Amino acid sequence: MKRDIRIADLCAGSGMKAAGLITVPGTSYELPLTIINGVEDGKIFLVSAGVHGCEYPGIQATVELARELDPCAVSGAVIFVHAVNAPGFFGRRAYVCPADEESKNFNHISPGNRNGTTAERVSAFFFTEIVPQCDLHLDIHSGDIVEDLEEFIAVCNSPDPKVVEYCTEIARHTSFTHRINSRGRTELYNASAIDCNVPGLLFERGGAGRVKRHEIDRDKADIISICRYIGILEGEPVDNTAAQIFYPRHHWGEAGHTGLFYRFVKTGDEIKKGQKLGEIRDFFGNLLEEIFAEFDGRVKIANNTLGISAGDDTFMYGSTR
Ligand SMILES: [Zn+2]
């Protein structure tokens, strides 16, 4: 008999689906979760969304797939965390968790602190009670409500090259045309890899607060393709090995000033080293800052707001060289 999967007081026996809100111990914070526990043994796949509450396609993809997947068709299990930052989702707040005493960003506090602020406690619960049960973690993002984005998949920054290679092979079996390797450690999928030795991947698709059917459907299709690749579902995964383009180098730009942001490129544009990408001015038209490309590349993420604060992201661009 295959074992039960339990997260706090939510438990799915073999061949069962369990769904509900669980309360993170030591807080009144509720996490919306679905556990789909198959009949046959296999890998346990964690799919989280809504770390940033206004990144919608992935949230809706998990809501739909959790209802559609039949545990009898699953070998192993799939665990969906539909919105890690449900308070940010309902409160329509970019990046941060409004239920946290210090409005922290879940991507900056992994792997959390049991005695910390509310978000830190949620993070600690996530990385002690959920992630260690799993064999693979996919965290689904998009551009936030203030960002335009051209989709890509990211492979975690594991110290183990075998984990990076394994995640790269999985990424090649999704429909994403562009792939990057993370160099960070702060985001959830990196914390899973670095702190819990659980391979991690990240989707970036959609953005600017839109809810687009084709983006939800493509997130769903790519989750299913990964399930097929790792043996959770029957069927052939997509094989994108020949077409997927790797961007070994990427750059995140930050605003150095608070002011009015003007951009001269958009996502998907090819840019040249030294090209002017944008500028920041004050209310009186005085130039505060010019933003130039540091190398030839392609714009993947661009801030879409007129107002910007020092420290906010401006552009992310990548290079295939
Ligand atoms: Zn995000």
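Worth knowing before you read on, the calculation uses all heavy atoms, side chains too, and leaves out hydrogens, waters and symmetry mates. None of the values given here were measured: they were computed from a predicted structure. Order of appearance sets the numbers: ligands from 1, and atoms from 1 within every ligand.
For the residue pair D100 / T118, no side-chain donor-acceptor distance below 3.5 Å is found, with atom types taken as modelled. Checking H82 against T62 by side-chain atom types alone, a donor-acceptor pair falls below 3.5 Å. One side chain, T241 or D239, offers a donor N or O that lies under 3.5 Å from an acceptor on the other.
Applying the salt bridge (charged side-chain N to carboxylate O under 4.0 Å, His left out) test between D296 and each of R249, K273, R321 identifies R321 as the sole match. Results of the ring pair (Phe, Tyr, Trp, His ring centres under 6.0 Å) test with H137 over F126, F45, Y189 single out F126 as the only residue that passes.
A cation-pi arrangement is not found for K300 relative to F152, the charged atom failing to lie both closer than 6.0 Å to the ring centre and inside a 45° cone about the ring normal.
Note on the Zn ion (ligand 1): protein N/O/S atoms under 2.8 Å are H52 ND1, E55 OE1, E55 OE2, H141 ND1.
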